[in-house]
Asks: 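One structure coming up, written as structure tokens, with questions to follow.
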Amino acid sequence: MKALAEVKQVQKNVDEFKLGPVSLAIEAGTITALVGTNGSGKSTLLKLMMNQAKADAGNIKIHNMFVNGLNEEWKTHIAYQPQTMIGWDAFSGKALREFIAPLYPAWDDQQFNDIIQAFSVPLNKRFGKLSQGMQQKLILALTVARNTSILLLDEPTAFMDIPSKQKFIDLLIEWIESGDRAIVMSTHQVDDIMKLADYLCVLQEGKWMGTYEKETIQHMYCQFWMRDALPTESLPGEVSREGNQFITSKPEAMEAYMREHDLHCVNQKTLDLEESLSLLLNK
Amino acid sequence: MELPISLSKTSREPIYHQIENQIKALIAGGYLKAGSPLPSIRLMAKDLETSVITIRRAYQNLEYQGFIQTEQGKGTFVAEVANEKKQQIKVTAVYQAFESALDVALSYEYTVDQVKEIFAEVIESRKPKGDA
């Protein structure tokens with residue numbers, strides 16, 4: 001498959017904080033979620049991809065062009081929605097559209113209007129007077145309408161209400177299906193991850209824990225409830241234990257162990273995404 | 001168009017396998033008729049809260065086994081499936097249900113004779129009333 005963006009062994013140090021080395025290949029047709037606790041480096045990684053921060057090591061390519069190279073044509077292929085917009089408060093949505101649209105040769109006014117209508121964004125009100133949720137919707141319209149092949153979104157639904165989040169999901173699905181496109185988004189919303197993400201790039205305090213297929217994380221840990229007290233020795237793949245219950249990362253090895261030691265399990269289940277992510281991030 | 005598929009995310013059976021089997025069951029049971037369209041891979045991934053990678057794998061397996069077909073640029077459709085093949089799926093599903101019931105009984109240390117007895121009782125209890 002075609003890689004639209006490539007992050008290779010990128011590192012960035014900001015004061016005490018160290019991000020990476022992190023690598024990421026963004027293929028057409030895929031949605032990658034950046035997940036991790038607050039301050040784990042998700043926003044920094046997005047800024048690096050936009051060349052708004054300089055990497056200390058490694059390199060980043062968008063459409064096969066280095067983002068720190070002389071050729072800046074890559075900028076027409078990627079649209080970025082940061083968490084906050086500085087200097088926008090005094091302007092109305094209408095004015096912002098007039099500033100931004102001419103900068104993007106492929107600007108899709110129909111798309112812009114569709115999003116504005118779907119979310120009922122008032123275009124005549126000043127940005128600073130809009131609620132945070134409404135601001136996010138306006139920024140989204142101004143980002144998606146750039147009609148690029150890559151979208152980078154930094155916590156795009158953090159302030160949205162429940163029906164808006166559903167509309168957001170449907171909108172991104174329609175957007176990605178209409179071409180060779182890809183999305184990278186940082187999010188804390190389980191629904192965004194469950195309904196949109198194919199891959200999860202997991203960061204913890206700047207350390208890259210890996211990029212997994214969503215299903216891999218969903219099958220990473222298994223919980224067993226045992227009939228009798230657990231043996232005192234460490235069990236295969238044991239992650240944690242409490243009473244007669246324990247969690248393992250190696251269910252097959254555990255089952256073999258149970259047969260061998262004549263242990264009886266009352267019930268077992270695979271941990272869901274939220275539980276698995278919490279375990280992965282608290283390691 | 002959302003398909004009536006419900007996955008067990010806590011089961012160890014791979015998700016793509018669950019999807020594959022449930023689509024086969026929908027075809028065998030007549031809910032999905034030959035020629036009817038299936039949701040796009042991306043929509044299906046959203047509805048079932050899984051990834052496009054998993055859906056693509058399930059669709060590829062189903063296509064390989066002749067249950068669905070993809071037409072370039074048009075989408076994915078239910079294929080013409082022979083009645084014997086549909087019958088086979090139903091038979092397999094019934095066998096699997098009995099096998100897993102038997103596994104439960106054996107894990108509680110029932111003997112095969114006791115299981116037979118229980119089976120006879122269940123059948124008896126399901127008979128319509130007044131049926132001598």
Side-chain angles (χ1 to χ4, degrees), chain A residues 1 27-33 166 168-179 181-183 190-200 212-224 227 248 250-252 254-255 258-259 264-276, chain B residues 1-3 5-23 37-63 70-77 99-111:
Chain A
M1 240 180 286
E27 292 165 355
T30 64
I31 301 178
T32 305
Q166 296 302 320
F168 165 84
I169 288 170
D170 291 337
L171 187 151
L172 286 198
I173 285 180
E174 203 176 297
W175 182 85
I176 200 168
E177 283 204 304
S178 58
R181 292 171 152 174
I183 299 170
V190 179
D191 227 31
D192 289 350
I193 300 175
M194 292 307 291
K195 296 206 161 76
L196 288 172
D198 303 309
Y199 295 100
L200 272 70
Y212 305 92
E213 276 183 31
K214 184 164 61 187
E215 269 70 26
T216 306
I217 294 188
Q218 284 171 321
H219 282 90
M220 201 169 260
Y221 301 109
C222 194
Q223 185 168 18
F224 286 82
R227 193 183 66 191
T248 171
K250 296 193 174 99
E252 281 83 14
M254 188 55 216
E255 277 172 358
M258 290 189 321
R259 279 191 298 274
H264 295 271
C265 130
V266 180
N267 200 357
Q268 57 158 292
K269 70 158 191 176
T270 303
L271 293 192
D272 67 25
L273 188 87
E274 261 186 292
E275 295 168 312
S276 299
Chain B
M1 179 210 47
E2 204 174 327
L3 294 180
I5 291 179
S6 57
L7 302 175
S8 166
K9 297 255 156 108
T10 53
S11 149
R12 297 244 305 274
E13 185 185 0
I15 303 282
Y16 73 88
H17 205 241
Q18 295 185 38
I19 296 168
E20 234 180 281
N21 284 340
Q22 292 195 38
I23 291 181
L38 288 173
S40 72
I41 288 175
R42 175 58 69 188
L43 265 184
M44 190 84 152
K46 177 208 152 192
D47 290 341
L48 300 180
E49 301 195 330
T50 164
S51 69
V52 291
I53 307 143
T54 299
I55 304 292
R56 193 172 296 125
R57 193 161 173 189
Y59 274 20
Q60 274 167 357
N61 289 348
L62 286 166
E63 181 147 18
T70 302
E71 285 175 43
Q72 210 58 45
K74 281 186 179 168
T76 306
F77 302 88
E99 279 163 10
S100 69
L102 184 62
D103 286 343
V104 171
L106 296 179
S107 78
Y108 292 140
E109 288 158 15
Y110 278 76
T111 65

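Computation of the quantities below employed the complete heavy-atom set of this structure, encompassing side-chain atoms and omitting hydrogens, waters and symmetry-equivalent molecules.
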Asks: Using a 4.5 Å heavy-atom cutoff, which residues in residues 212-219 of chain A come close to chain B?
Replies: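 Listed by number: A/Glu213, A/Lys214, A/Glu215, A/Gln218, A/His219.
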Asks: Nearest 0.5 Å please: distance from the NZ atom of A/Lys195 over to the CG atom of B/Leu43.
Replies: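 It is 12.5 Å, given to the nearest 0.5 Å.
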Asks: Pick whichever of A/Leu271, A/Thr270, A/Asp170 has the most heavy-atom pairs under 4.5 Å with chain B.
Replies: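 Option with the greatest count: A/Thr270.
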Asks: Would you say OH of B/Tyr110 has more than 12 non-hydrogen atoms from neighbouring residues, nucleotides or ligands within 6.0 angstrom?
Replies: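 No - once you tally the heavy atoms of other residues, nucleotides and ligands closer than 6.0 Å, there are 12 at most.
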Asks: What part of A/Ile169 lies closer than 4.5 angstrom to a heavy atom of chain B: side chain, backbone, both or neither?
Replies: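 Just its side chain gets close to chain B.
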Asks: Any donor and acceptor pair, going by atom type alone, linking the side chain of B/Arg42 with main-chain N or O of A/Leu196 inside 3.5 Å?
Replies: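 Confirmed, B/Arg42 side chain pairs with A/Leu196 backbone.
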Asks: Which bit of A/Ile176 comes within less than 4.5 Å of chain B, counting heavy atoms only: side chain, backbone, both or neither?
Replies: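 Contact with chain B is through the side chain of A/Ile176 alone.
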Asks: With a 4.5 angstrom heavy-atom cut-off, which part of A/Glu275 approaches chain B: side chain, backbone, both or neither?
Replies: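 Nothing of A/Glu275, per the 4.5 Å heavy-atom cut-off to chain B.
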Asks: Could you give the distance from CG (A/Asp198) to CD1 (B/Ile41), rounded to the nearest 0.5 Å?
Replies: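 That separation rounds to 10.5 Å.
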Asks: Are there over 12 heavy-atom neighbours, none belonging to A/Glu174, within less than 6.0 Å of that residue's CD?
Replies: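 At most 12 heavy atoms, drawn from other residues, nucleotides or ligands, come within 6.0 Å of this atom.
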Asks: Find the one option among B/Thr54, B/Leu48, B/Thr50 whose heavy-atom pairs under 4.5 Å with chain A are most numerous.
Replies: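 Counting heavy-atom pairs under 4.5 Å, the top option is B/Thr50.
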Asks: What do you reckon, is CD of A/Gln166 surrounded by more than 12 foreign heavy atoms closer than 6.0 Å?
Replies: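 Yes, enclosed.
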Asks: Please identify, among B/Ser8, B/Ser40, B/Pro14, B/Ala45, the residue contributing the most non-hydrogen atom pairs under 4.5 Å to chain A.
Replies: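 Answer, by heavy-atom pair count under 4.5 Å with chain A: B/Ser40.
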Asks: Identify which of A/Gln223, A/Glu177, A/His264 forms the greatest number of heavy-atom pairs closer than 4.5 Å to chain B.
Replies: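 The candidate making the most pairs under 4.5 Å is A/Glu177.
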Asks: A quick test of your reading: do over 12 heavy atoms of other residues, nucleotides or ligands sit less than 6.0 Å from NZ of A/Lys269?
Replies: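 Result for NZ/A/Lys269: enclosed.
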Asks: So, using side chain to side chain contact (heavy atoms under 4.5 Å, CB included) as the criterion, who are the partners of B/Ala101 when residues are at least two apart?
Replies: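 For B/Ala101, no residue satisfies side chain to side chain contact (heavy atoms under 4.5 Å, CB included) once neighbours in sequence are set aside.
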